[in-house]
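I have placed the structure first, in the form of structure tokens, so that the comments after it can refer back to it.
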Amino acid sequence: MAAVNLRVNGSLHPIDTDDPGMPLLYALRNDLGLHGPKFGCGLGQCGACTVLMDGQAIRSCQVTIRAAQNRDITTLEGLGAPENLHSVQAAFVAEQAAQCGYCTNGMIMSTVALLAKTPKPTEAQVRTALAGNLCRCGSHIRVLRAVMRAANAGGPSHG
Amino acid sequence: MGEITIARREFLKTGGALVVGFALIPYAALGQTAAAGKSLAADQVDSFLVIGRDGGVTLYSGKVDIGTGTRAAYRQIVAEELDVPVQRIAMIEGDTALCPDQGGTGGSTGIVNGGMQIRQAAATARQALLALASTRLSVGSGDLRVSDGVVRSADGRSIGYGELIPASAGTGSHFDVELNAKAPLKNPDTYQYVGQPLARPDLPAKMTGRHAYMQDFRIPGMLHARVIRPHAVGATLTNVDEGSIAGIPGARVIRIKNFVAVVAGHEWDAIRAARALKLQWTGGGGLPGSERVHAAIRTTEVARDEQLIRTGDTDTALRNAARKFTASYEWPAQSHASMGPSCAVADYRPGSLTVWSSSQGTHGLRRNLARDLGIPAEQVRVVYMDGAGSYGGNGSDDAAADAALISRALQQPVRVQWMREDEHAYDPKGPPQLLDLKAALDANGNIAAWETEAWLPENTPNLRSRPLLAFLAAGIPQPVGQSVAQVQGNAYPSYDLPNMTATVHWLKTTPLRPSNLRAPGKPGNSYAVECFIDELAAAAKRDPLEFRLAHLKDQTGIAILKRIAERMNWQARPSPNPARSRGAESLGRGVAYVHYKHTDNRLGLGIEVAVNRNTGTIRVTRAVCVYEAGLMINPDAVRAQVEGNILQAISRTLHEEVQFDQNGVTSTDWRSYPILTFPEVPALEVELIGSVHDKPLGAGEAASAPVPAAVGNAVFDAIGVRLRKAPLTATRVRDGLAGQT
Ligand code: FES
Ligand code: FES
């Protein structure tokens with residue numbers, strides 16, 4: 001058993017494991033109890049597992065905990081809470097931009113990363129940025145509206 | 001969930017509650033029993049509503065919110081009829097020990113059936129509470145008014161609902177109120193909650209990672225399991241090399257005949273073990289393969305024929321007609337393709353089995369588990385938890401059976417989550433469909449006769465559930481057969497035609513295990529019927545929308561089509577589009593009209609496409625839907641369902657086909673089974689027709705039905721190629737264009 005240190009949502013967590021090749025997603029969900037990131041495919045194809053690593057949106061099912069060591073990881077929980085929503089989360093609530101919500105983690109995390117780089121994206125830029133985030137319920141129209149609403153509301157307010 | 005159980009039990013034990021319940025057909029006779037082995041004997045009827053002494057209301061719903069927004073809508077109904085603020089209403093869904101059996105969730109019945117039962121329960125409770133208040137205040141109940149859960153008399157006295165609940169303890173003092181089917185309902189003109197676009201209560205938690213999905217649920221001492229399926233369906237397991245996983249901490253093999261699983265304390269170890277485990281299989285397979293599936297349908301044994309409609313004399317009309325047309329349409333097998341693979345947790349102990357599941361029918365699942373595992377039904381409890389959207393029977397019930405079987409073998413709680421390839425390969429499929437159509441035009445270019453012959457898999461008589469994979473593999477006897485829902489719907493036109501017949505040849509079998517997939521059968525049937533209508537319009541050199549109007553008497557239907565024409569600035573002309581090219585792209589527009597199931601919603605859909613003649617790619621650029629929605633409890637939730645159905649159906653139309661070979665499904669990820677992506681999403685306009693005075697209609701799935709045909713018709717308008725096989729892939733477009741020259 002070796003310990004791998006992960007810095008998640010601002011605090012440091014040692015993870016005991018005999019396999020540093022384990023994908024980050026499992027450490028977040030099972031060792032840290034952070035259920036924002038979801039298992040959708042484990043193949044890097046759907047975006048349900050998206051987290052921020054040093055501000056970049058990454059697929060946590062495709063990054064090992066070894067590679068995630070000493071990086072800054074932010075999950076959906078780290079953005080805001082129901083009573084203290086991040087501006088992107090607030091925009092998603094305002095637009096009622098989910099049905100089952102299983103894809104929502106990926107939508108919000110990808111949006112946060114996009115707006116950090118491109119604060120006033122065109123709708124076409126948003127579509128491209130979210131092209132790797134799948135939604136089976138067909139909530140796309142509302143997600144697009146939510147992203148545009150968040151962009152117009154200005155940068156991240158807190159969290 | 002544990003806390004909730006106790007809360008309810010306390011209510012019932014102390015009698016500090018008004019319980020409104022009623023026995024439900026058809027399964028009421030089975031009764032309902034204790035949570036976690038504790039008797040609820042005081043509760044002799046299935047109940048919907050409990051009002052606590054604090055005035056809070058808890059709603060117990062047998063129907064579940066699978067992402068459709070009924071969690072908001074049901075609260076609105078109760079708030080309205082009971083006169084309590086919507087925030088005071090808590091809700092528990094699909095827990096078989098607590099919630100009434102309202103049948104499975106699906107077929108857009110959530111409001112039409114489930115919601116109307118709840119409405120009557122709330123109205124009954126209000127009436128009972130008013131009677132209590134009338135006694136306590138010595139005022140006739142006609143002179144009492146209620147608002148926000150407080151009853152007031154004309155002389156200014158008031159009493160809260162909570163204070164009306166008897167305070168004395170003991171089961172003897174609480175009372176049931178039988179549901180009164182005649183309890184007066186609110187006048188819709190006075191509605192405060194119903195008809196409002198209330199925000200869904202679950203979204204803030206879903207948006208922040210706080211909502212507990214099935215996939216997030218953990219219990220102490222739980223092992224993680226993965227099930228390994230054979231590489232050919234129905235294969236026999238001949239050897240398990242347990243040594244192949246010896247190096248993985250805590251990993252163990254569970255084998256029951258051809259059922260094989262691995263468990264480990266850590267999920268990642270279970271996944272590694274499932275990948276490393278060496279197995280040998282023999283036999284199995286024998287499927288026709290997706291390339292040949294429609295040819296195979298023609299030689300599949302037919303159980304019986306059913307005539308869906310017969311008006312006039314089609315045979316004679318066809319024989320005598322001047323111009324006759326025939327066409328065959330093919331619809332592929334499709335997957336529910338849930339974003340989250342199916343998951344379940346089971347805790348088997350001697351004398352009890354508790355299963356947490358995102359099944360759309362927890363009561364049905366409970367019956368199946370009890371029957372197949374030989375456990376008395378009253379010892380089985382299934383607790384619903386939200387999963388990823390399922391749109392019908394996905395793998396949830398199978399994952400529950402997996403978990404139950406392994407937990408029983410180990411006598412330990414077990415969590416099973418399917419991997420992506422399991423969900424794509426093994427979720428039960430929407431079955432492939434084949435329709436042969438014949439029609440005749442008269443001298444005026446009107447439809448003189450129509451005949452449908454459809455080949456669709458039958459619902460095995462008296463089979464209430466589909467066989468579960470785990471029990472099939474483990475050799476546990478269960479009723480055999482298939483269950484596909486009402487797949488024959490909309491197999492003939494929604495127009496008034498003088499001579500029309502439609503026949504279904506009910507197939508004994510279909511290659512991949514089927515289940516209900518959103519709007520079962522209707523998208524495929526409407527694809528054939530509404531494209532063929534377009535073929536007739538083109539043959540008659542008439543505008544396709546005007547052609548439809550000419551065959552329609554229904555005033556709502558006519559208004560819907562005219563509204564679409566108006567919104568799309570529809571220029572009357574025959575298809576294909578004479579001025580259609582813009583560079584490599586050809587532009588087209590199409591329309592389809594459906595009276596859903598011929599009894600439910602009427603709706604029309606207009607579609608605009610741009611087809612790239614070099615690549616064959618179809619871009620759907622605009623969708624305009626006019627949808628008869630009836631009474632909308634929550635108009636925004638209805639709108640979201642209509643939007644979602646349209647986008648999902650565009651995905652099914654353009655991309656989705658389960659690929660399989662002799663051995664099984666080969667499209668086992670999102671590359672081989674692609675779905676719609678953001679860059680492909682069209683501009684979407686949805687117009688809902690309805691008012692609070694209407695009766696409720698299905699909220700959503702009808703919108704799936706016209707999509708494939710409207711897209712197909714728009715593609716024909718753009719490039720003059722009629723695609724009669726879905727999905728409308730770029731390859732098929734290119735082949736069609738090549739065949740044109
Ligand atoms: S779960 Fe990581 S991309 Fe799908
Ligand atoms: S909301 Fe269900 S998958 Fe996107």
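Chain A is the first sequence line, chain B the second, and so forth, proteins listed ahead of strands; every chain is numbered from 1. It should be emphasised that the depicted structure is a prediction, and the values quoted were computed from it without experimental measurement.
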Backbone of A/G138 reached by a side-chain donor or acceptor of B/Q648 within 3.5 Å = no
Greatest number of non-hydrogen atom pairs under 4.5 angstrom with chain A, of B/Y391, B/W670, B/W268, falls to B/W268
Nearest-0.5 Å distance that lies between atom CG in A/D16 and atom NE2 in B/H266 | 8.5 Å
What part of B/H336 is in contact with chain A, defined as an atom under 4.5 angstrom from a non-hydrogen atom: side chain, backbone, both or neither?
-> backbone
With the side chain counted from C-beta on, respond yes when B/K206 and A/T104 share a heavy-atom pair under 4.5 Å apart, and no when they do not.
-> no
Name the region of B/S390, side chain, backbone, both or neither, that has any atom closer than 4.5 Å to a heavy atom of chain A.
-> neither
Heavy-atom proximity to chain B below 4.5 Å, by part of A/L130 | both
Does B/Y213 offer a backbone N or O that forms a donor-acceptor pair with the side chain of A/Y102 under 3.5 Å?
-> no
Heavy-atom contact with chain B under 4.5 Å, split by part of A/Y26 | side chain
Any A/D18 side-chain heavy atom under 4.5 Å of B/P249 side chain = yes
Residue part contacting chain B, namely of A/L43, when any heavy atom lies under 4.5 Å = side chain
Among B/L676, B/V681, B/I271, which residue forms the greatest number of heavy-atom pairs with chain A at distances under 4.5 Å?
-> B/V681
Would you indicate whether the side-chain heavy atoms of A/K38 and B/M339 approach each other to under 4.5 Å?
-> no
Where B/L203 and A/A97 come nearest, the two heavy atoms and their spacing | CD1-N, 4.5 Å
Check each atom of B/R415 against the heavy atoms of chain A and say whether the ones under 4.5 Å are side chain, backbone, both or neither.
-> side chain
Quick one: pull up CZ in B/R420 and SG in A/C61 and give me the separation to the nearest 0.5 Å.
-> 11.0 Å
Side chain to side chain contact (heavy atoms under 4.5 Å, CB included) assessment of A/E123 paired with B/F678 = CA-CA 10 Å; A/E123 200 196 83; B/F678 270 97; over 6 Å; no
Would you say the side chain of B/Q417 lies within less than 4.5 Å of the side chain of A/F39, judging by non-hydrogen atoms?
-> yes
Quick one: which of B/P679, B/A649, B/S338, B/A212 has the most heavy-atom pairs under 4.5 Å with chain A, could you say?
-> B/P679
Selection from B/E421, B/R671, B/H211 maximising heavy-atom pairs under 4.5 Å formed with chain A = B/R671
Interatomic distance, B/D202 atom CG to A/C100 atom SG [nearest 0.5 angstrom] = 10.5 Å
B/P197, part contacting chain A, at a heavy-atom distance under 4.5 Å | neither
Sub-3.5 Å donor-acceptor pair from the side chain of B/R272 to the main-chain atoms of A/D19, do we have one?
-> no
How about B/M207 and A/V88: do any of their side-chain heavy atoms sit closer than 4.5 Å?
-> no
Give the member of B/A205, B/C343, B/P204, B/A640 that has the highest number of heavy-atom pairs under 4.5 Å with chain A.
-> B/A640
Dump the intermediate steps for salt bridge (charged side-chain N to carboxylate O under 4.0 Å, His left out) on B/E423 and A/R136, then the final yes or no.
-> CA-CA 14 Å; B/E423 192 71 34; A/R136 182 53 163 165; over 6 Å; no
Salt bridge flag under 4.0 Å for residues A/R142 and B/E643 = yes
Find the one option among A/A90, A/S139, A/P23, A/G33 whose heavy-atom pairs under 4.5 Å with chain B are most numerous.
-> A/P23
Any side-chain donor near an acceptor of the partner, B/D636 and A/Q96, under 3.5 Å | no
Find the one option among B/L684, B/I646, B/I675, B/T677 whose heavy-atom pairs under 4.5 Å with chain A are most numerous.
-> B/I675
If only atom types and distance count, is the side chain of B/R210 paired as donor or acceptor with the main-chain N or O of A/G36 below 3.5 Å?
-> no
Sort out for me which of A/E77, A/R29, A/Q45 touches chain B most, counting heavy-atom pairs under 4.5 Å.
-> A/Q45
Per side chain to side chain contact (heavy atoms under 4.5 Å, CB included), B/T208 is matched among A/L85, A/V93, A/I108 by A/L85
